[in-house]
Enquirer: 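One structure coming up, written as structure tokens, with questions to follow.
The shown structure was predicted, so the numbers you read here are calculated from the model rather than taken from an experiment. In listed order, ligands and their atoms are each counted from 1. We count residues from 1, following the sequence as given. Hydrogens, waters and symmetry mates play no part in the numbers below; they use all other heavy atoms, side chains included.
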Amino acid sequence: MAAKILSGRQIADAIKAEIAGEVRELRTAKNIIPALTAVRVGDDAASAVYVANKVSTCEELGIISEHRHLPTQTSELQLLDIVNELNRAPDIDGILVQLPLPKHIDEARILDAIDPNKDVDGFHPINVGRLSQGRQSLVPCTPAGVIQILKRSGVEIAGKNAAVIGRSNIVGKPMAALLLQENATVTICHSRTHELSSITSKADIIVAAIGRPGFVTADHIREGAVVIDVGINSVSDPTRLSEFFEGDELEKRLTAIEKRGATLVGDVCHKDAMNKAGVFTPVPGGVGLLTIAMLMRNTVDAAKARRDI
Ligand code: NAD
């Protein structure tokens with residue numbers, strides 16, 4: 001039987017509607033309007049799109065947003081000054097420094113300078129520490145979105161074997177911490193893991209965050225498993241598509257490459273997941289849509305926490 005597809009859109013829309021309601025309530029009952037500042041340095045094309053999407057989602061939900069776009073040659077000290085100014089600004093609840101930063105800027109130094117209470121990306125070591133101790137914290141948005149997909153789709157996590165493939169600070173590690181907090185038994189797999197498929201094929205839940213198109217194949221997946229695909233890879237070579245897709249989906253993707261020059265492919269082989277998994281999040285249309293919704297969640301949570309609400 002074909003895997004059931006979990007729609008990221010439906011879940012993201014539900015979360016955004018809840019947040020919009022909360023923002024309205026905060027404004028009318030307490031005269032508070034949550035505010036987010038996104039700082040972008042340089043002209044990375046993908047970053048420009050991501051920040052534009054974040055700003056427009058703020059507008060959609062009634063959150064104040066500001067986009068500070070700085071030139072590539074901005075120095076580390078200048079950026080630190082801006083972060084410090086935003087830390088002090090009483091009306092700013094969330095600060096987001098879009099990654100990657102230009103090579104001459106030390107990312108860790110910038111992220112460490114953000115006030116942990118305004119750190120809506122959840123990357124500050126204080127928030128990472130709080131998460132690892134299972135305490136209230138601002139949690140990285142993509143793994144937080146995965147937990148929402150699982151919970152709101154009725155997937156049981158407690159007691160299940162979960163395999164997270166990838167150990168980045170942005171996805172893999174916080175994902176593992178969150179699954180542990182939900183009482184899963186978690187294995188973190190990475191580029192040095194031996195016999196990956198022998199581990200993942202025993203997992204009830206697989207989260208793939210690797211950055212290689214179609215990497216997770218039938219061998220890695222237990223029959224009926226829950227497969228969450230975090231990967232976002234742009235594929236422009238039409239001859240590769242039959243590795244990942246079949247039937248109507250293959251036709252759709254070939255047309256996408258013809259029209260737009262590329263199509264987005266996850267880290268999981270779509271056709272293998274459809275044939276073997278029990279439930280599966282597609283790319284696009286899965287986890288990616290939750291990331292911005294969870295950023296909005298963090299901004300409103302930060303606004304409330306700063307005022308002890
Ligand atoms: P990363 O490059 O920082 O980390 C990749 C991880 O994959 C590493 O920890 C590495 O150990 C592991 N890996 C590499 N080769 C492997 C192998 N052969 N076997 C097992 N593990 C291997 O990437 P990231 O930032 O964590 O992102 C991962 C993917 O998720 C990318 O495709 C990225 O585009 C996507 N992503 C999506 C969102 C979203 O909003 N949906 C957000 C962030 C990242």
Side-chain angles (χ1 to χ4, degrees), residues 6-9 11-12 15-16 38 44-47 49-54 57 96-101 107-108 111 120-123 128 131 139-150 162-179 186-203 206-217 219-221 227-236 240 243-244 262-270 273 280-298:
L6 299 182
S7 160
R9 184 166 303 283
I11 296 168
I15 293 172
K16 286 196 285 184
D44 179 72
S47 294
V49 174
Y50 293 147
V51 171
N53 286 340
K54 290 168 185 176
T57 310
L96 173 159
V97 177
Q98 184 65 43
L99 302 179
L101 289 169
E107 271 181 11
L111 297 180
V120 285
D121 265 336
F123 297 156
V128 175
L131 171 62
V139 173
C141 301
T142 301
V146 171
I147 295 292
Q148 287 300 314
I149 291 191
L150 293 172
V164 178
I165 317 176
R167 57 171 162 184
S168 70
N169 290 335
I170 293 173
V171 188
K173 282 183 199 148
M175 186 72 255
L178 285 170
L179 287 164
V186 185
T187 308
I188 306 175
C189 308
H190 48 79
S191 53
R192 306 287 288 272
T193 297
H194 289 294
E195 296 180 30
L196 179 70
S197 63
S198 73
I199 298 168
T200 60
S201 63
K202 292 188 189 76
I206 297 174
V207 182
I210 307 148
R212 293 174 62 171
F215 178 87
V216 175
T217 54
D219 292 353
H220 298 96
I221 303 171
V227 178
I228 306 290
D229 193 351
V230 178
I232 302 177
N233 310 286
S234 180
V235 172
S236 52
R240 287 204 67 190
E243 281 174 50
F244 316 127
T263 186
L264 292 183
V265 177
D267 287 346
V268 177
C269 174
H270 185 280
F280 175 48
T281 60
V283 177
V287 175
L289 298 168
L290 268 294
T291 299
I292 293 187
M294 298 317 289
L295 175 69
M296 302 296 116
R297 174 75 270 156
N298 278 351

Enquirer: Quick one: nearest non-hydrogen protein atom to atom 17 (C) of ligand 1, plus distance?
Expert: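 Sorting protein heavy atoms by distance from atom 17 (C) of ligand 1 puts Phe215 CZ, 3.6 Å first.
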Enquirer: Among all protein heavy atoms in this structure, tell me which lies nearest to atom 27 (O) of ligand 1, with the distance rounded to 0.1 Å.
Expert: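 Nearest protein contact, heavy atoms only, for atom 27 (O) of ligand 1 is Val171 CG2, 4.4 Å.
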Enquirer: Closer than 3.5 angstrom, by distance alone: can the side chain of Asp229 be matched with the main-chain N or O of Pro282 as a donor-acceptor pair?
Expert: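 Not at all, since once roles are kept as given, no pair shorter than 3.5 Å links the two residues.
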Enquirer: Would Thr193 count as a contact residue for ligand 1, given that I'm defining contact as a non-hydrogen atom of the residue lying under 4.0 Å from a ligand atom?
Expert: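 In this structure, Thr193 fails to qualify as a contact of ligand 1 - no heavy atom is under 4.0 Å.
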Enquirer: Do Leu99 and Phe123 make a side-chain contact, defined as non-hydrogen atoms from C-beta onward lying under 4.5 Å apart?
Expert: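 They are in contact (side-chain heavy atoms under 4.5 Å apart), so the answer is yes.
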Enquirer: Find out whether Leu295 and Asp121 are in side-chain contact, i.e. whether some heavy atom of one side chain is under 4.5 Å from a heavy atom of the other.
Expert: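 SC-SC contact between Leu295 and Asp121 confirmed.
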Enquirer: Tell me the contacting part of Ile165 for ligand 1: side chain, backbone, both, or neither, using a 4.0 Å heavy-atom threshold, strictly below.
Expert: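 The side chain, only.
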Enquirer: Listed by chain and number, what are the salt bridge (Lys or Arg N to Asp or Glu O under 4.0 Å) partners of Lys16, not counting sequence neighbours?
Expert: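 Once residues adjacent in sequence are excluded, the partners of Lys16 under the salt bridge (Lys or Arg N to Asp or Glu O under 4.0 Å) criterion are Glu60.
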Enquirer: Give the contacting part of Ile210 toward ligand 1: side chain, backbone, both or neither, where contact means a heavy-atom distance below 4.0 Å.
Expert: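 Near ligand 1, Ile210 shows its backbone as well as its side chain.
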Enquirer: Please list the nearest protein heavy atom to atom 11 (O) of ligand 1 with its residue and the distance rounded to 0.1 Å.
Expert: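 Checking every protein heavy atom, the shortest distance to atom 11 (O) of ligand 1 gives Ser191 N, 3.1 Å.
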Enquirer: Mark up the atoms of ligand 1 that fall under 4.0 Å of a heavy atom belonging to Asn233, in ascending order.
Expert: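 Answer for ligand 1: 32 (O).
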Enquirer: Measure from atom 18 (N) of ligand 1 to every heavy atom in Arg212, Lys173, His190 and give the option owning the shortest one.
Expert: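 It is Arg212 whose heavy atom sits nearest to atom 18 (N) of ligand 1.
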Enquirer: Can you name the closest pair of heavy atoms from Val235 and Phe244 and give their distance?
Expert: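 Smallest heavy-atom distance, with atoms named: CG2-CE1, 4.4 Å.
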Enquirer: Among protein heavy atoms, which lies nearest atom 35 (C) of ligand 1, and at what distance?
Expert: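 It is Val230 O, 3.5 Å.
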Enquirer: Return the option from Pro284, Ser168, Ala209 holding the heavy atom at the smallest distance from atom 6 (C) of ligand 1.
Expert: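 Result: the heavy atom closest to atom 6 (C) of ligand 1 is in Ala209.
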Enquirer: Return the closest protein heavy atom for atom 39 (C) of ligand 1 as residue, atom name and distance.
Expert: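 Result: Thr291 OG1, 3.6 Å.
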Enquirer: So, the side chain of Thr193 versus the backbone of Leu196: is there a donor-acceptor pair under 3.5 Å, distance only?
Expert: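 Looks like no, no N/O pair under 3.5 Å.
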Enquirer: Within the structure, is a non-hydrogen atom of Arg192 found at a distance of less than 4.0 Å from ligand 1?
Expert: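 No, Arg192 has no heavy atoms under 4.0 Å from ligand 1.
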Enquirer: After noting the C-alpha distance and the side-chain angles of Ile165 and Val216, does the key distance pass the side chain to side chain contact (heavy atoms under 4.5 Å, CB included) rule?
Expert: CA-CA 9 Å; Ile165 317 176; Val216 175; 3.8 Å; yes
Enquirer: Could you check whether any heavy atom of Gly172 sits closer than 4.0 Å to an atom of ligand 1, since that is the contact criterion I want to use?
Expert: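 No, Gly172 has no heavy atom closer than 4.0 Å to ligand 1.
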Enquirer: Does a side-chain heavy-atom distance below 4.5 Å link Leu179 with Val207?
Expert: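 Yes, side chains in contact.
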Enquirer: What pairs with Asn53 under side chain to side chain donor-acceptor pair (under 3.5 Å), at least two apart in sequence or on another chain?
Expert: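 By the side chain to side chain donor-acceptor pair (under 3.5 Å) rule, Asn53 matches no residue at all.
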Enquirer: Identify the protein heavy atom lying closest to atom 31 (C) of ligand 1, giving its residue, its atom name and the separation to 0.1 Å.
Expert: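 Result for atom 31 (C) of ligand 1: Gly211 CA, 3.6 Å.
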Enquirer: List the atom of Pro213, the atom of Val265, and the distance in Å for their closest heavy-atom pair.
Expert: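 Closest approach of Pro213 to Val265: CB-CG1, 4.0 Å.
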Enquirer: Look at atom 12 (C) of ligand 1 and say which protein heavy atom is nearest, naming residue and atom and giving the distance to 0.1 Å.
Expert: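 It is Gly166 CA, 3.9 Å.
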Enquirer: Is there a side-chain contact between Cys141 and Asn298, using heavy atoms and a 4.5 Å cut-off?
Expert: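 Cys141 reaches Asn298 side chain to side chain.
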Enquirer: What is the nearest protein non-hydrogen atom to atom 34 (O) of ligand 1, stated with its residue, atom name and distance?
Expert: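 The answer is Ile232 O, 3.3 Å.
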Enquirer: Heavy-atom distances under 4.0 Å are what count here, so tell me which part of Thr142 touches ligand 1: side chain, backbone, both or neither.
Expert: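 The part of Thr142 near ligand 1 is the side chain, not the backbone.
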